Amino acid sequence: MNKARSIYKMLLKKYGYQGWWPLLELEEKDPNSRGYHPGDYGYPKNDAQRFEICCGAILTQNTAWKNVEAALRNLRDAKALQAEQLLRVRLPQLRVLIRPAGYFNQKSAYLRTFAAFFRKLDERIPGRDELLGLKGIGPETADSMLLYAFKQPKFVVDAYTKRMCSQLGLIESSKYDDVKGFFERQLPREVPLYQEYHALIVEYAKRNYTKKITCPIDESL
DNA sequence: AACCAGGACGTGA
DNA sequence: TCACGTCATGGT
């Protein structure tokens with residue numbers, strides 16, 4: 001078994017299924033779930049949920065998820081959490097709605113750009129390069145959208161992933177595409193696997209790398 | 001009360 | 001290509 005698989009196995013045993021990506025609707029149905037849906041890969045179930053995930057992907061750039069949730073709730077309560085509707089909101093108002101997520105000047109513009117793109121999609125699955133062409137969507141955001149909203153087997157690499165790889169000495173390069181390739185070459189192209197793996201890395205990193213502290217290598221990995 | 005969080009962009013070397 | 005400054009709120 002290769003390293004990518006064995007690490008996944010250990011992380012899964014340690015933390016269990018994560019059930020990403022969180023959705024507002026699920027959090028309210030069961031606050032205890034915090035929006036996650038472990039074991040159920042049937043999400044998103046509709047266009048609105050797809051759009052919500054994409055907005056979350058943009059809003060969470062370098063931002064704590066809790067702040068993103070507040071912004072998403074504001075959007076939904078203002079009936080602006082669907083592409084068509086979001087485009088009707090005036091820019092100053094949009095800034096106010098997403099304020100808790102920070103960077104509201106940039107992100108408000110990013111959301112508009114993306115909403116226009118999303119509306120035009122009309123059920124079609126966007127290509128990675130198309131997404132990267134939009135202002136405000138870099139490699140991680142594009143892969144997050146593709147993996148969690150459009151269910152395409154794209155491995156998501158974030159700062160935590162690079163940090164873990166570097167700490168465990170898995171790969172020399174920390175360039176996005178190199179790290180992404182490292183995992184994609186070793187794993188079967190399965191969406192649930194990619195989804196869980198990224199979420200597990202985040203969970204692992206939150207427990208080991210926070211507060212300026214890098215814990216010693218977890219030997220169980 | 002600094003420091004950080006599920007990054008991306010613009011700029012200058 | 002690549003390092004670096006910038007963007008902003010809320011929690012610790």
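The figures here come from the full heavy-atom set of this structure, side chains too, leaving out hydrogens, waters and symmetry mates. Every chain is numbered from 1 and lettered A, B, ... according to where its sequence line falls, protein lines coming before strand lines. Treat the numbers as computed from the prediction; the structure is a model and nothing was measured.
Of the candidates dA8(C), dG7(B), dA5(B), dG7(B) carries the atom nearest the Ala159(A) side chain, counting heavy atoms from C-beta on. Among the nucleotides dG6(B), dG10(B), dA8(B), the one closest to the side chain of Thr141(A) is dA8(B).
In this structure, Asp143(A) places its CG atom 13 Å from P of dG7(B), rounding to the nearest Å. Distance Asp158(A) CG to dC4(B) P: 17 Å, rounded to the nearest Å. Spacing between atom CG of Leu72(A) and atom C1' of dT9(C) amounts to 14 Å, rounded to whole angstrom units. Rounding to whole angstrom units, OH of residue Tyr204(A) and C1' of dA5(B) are separated by 19 Å. The nearest whole Å value for the distance from the OH atom in Tyr103(A) to the P atom in dG10(B) is 15 Å. Taking atom CD on Glu69(A) and atom P on dT9(C), their separation rounds to 19 Å, with Å as the unit. Atom CZ in Phe104(A) sits roughly 19 Å away from atom P in dC9(B) (whole-Å rounding). The CG-C1' distance, from Leu111(A) to dA8(B), rounds to 14 Å in whole Å.
Distances shorter than 4.0 Å separate none of the side-chain N or O atoms of Thr60(A) from OP1 or OP2 on dA5(B). Of the side-chain N and O atoms in Lys107(A), none sit less than 4.0 angstrom from OP1 or OP2 of dA8(B). Taking side-chain N and O atoms only, Asn67(A) has no distance below 4.0 Å to OP1 or OP2 of dG11(C).
Both Leu134(A) and Val202(A) sit near DNA chain B, but only Val202(A) has its closest nucleotide nearer the 5' end. The 5' end of DNA chain C is approached more closely, in terms of each residue's nearest nucleotide, by Gln61(A) than by the other of Lys66(A) and Gln61(A).
Summarising the geometry of Glu196(A) relative to Gln18(A), their closest heavy-atom pair is OE1-N, 2.7 Å, with the distance given to 0.1 Å.
Across all strands, Lys175(A) comes closer than 4.0 Å only to sugar-phosphate atoms, never to a base (heavy-atom distances). Residue Ile137(A) is in sugar-phosphate contact alone, with no base atom involved, counting any heavy-atom pair closer than 4.0 Å across all strands shown. Nucleic acid contact class of Gln106(A) (heavy atoms, under 4.0 Å, all strands): base.
In this structure, Trp65(A) forms an aromatic stack with the base of dG6(B), since both conditions hold: centre separation below 5.5 Å and plane angle below 30°. Judged by centroid separation below 5.5 Å and plane tilt below 30°, Trp20(A) stacks onto the base of dG6(B).
Side-chain contact of Thr141(A) with Gln61(A): a donor-acceptor pair under 3.5 Å is present, judged by distance alone.
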May I have the step-by-step check of side-chain hydrogen bond (donor to acceptor under 3.5 Å, both in side chains) for Lys107(A) and Thr63(A), ending in yes or no? CA-CA 11 Å; Lys107(A) 287 177 178 175; Thr63(A) 299; 2.9 Å; yes

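In this structure, Phe155(A) has its ring center under 6.0 Å from that of Tyr197(A).
Salt bridge annotation for Glu84(A)-Arg119(A): present, with a cationic side-chain nitrogen under 4.0 angstrom from a carboxylate oxygen.
dC3(B) sits 15 Å from dG5(C) when the P atoms are compared, rounded to a whole Å. Taking atom P on both nucleotides, dG10(C) is separated from dC9(B) by 24 Å, rounded to a whole Å. Going from the C1' atom of dG6(B) to that of dA3(C) covers 23 Å, rounded to whole Å.
For Tyr36(A) against dG6(B), a side-chain-to-base donor-acceptor contact under 3.5 Å is present.
Paired with Arg76(A) under the rule salt bridge (Lys or Arg N to Asp or Glu O under 4.0 Å), one option of Glu52(A), Glu69(A), Glu28(A) passes, and it is Glu28(A).
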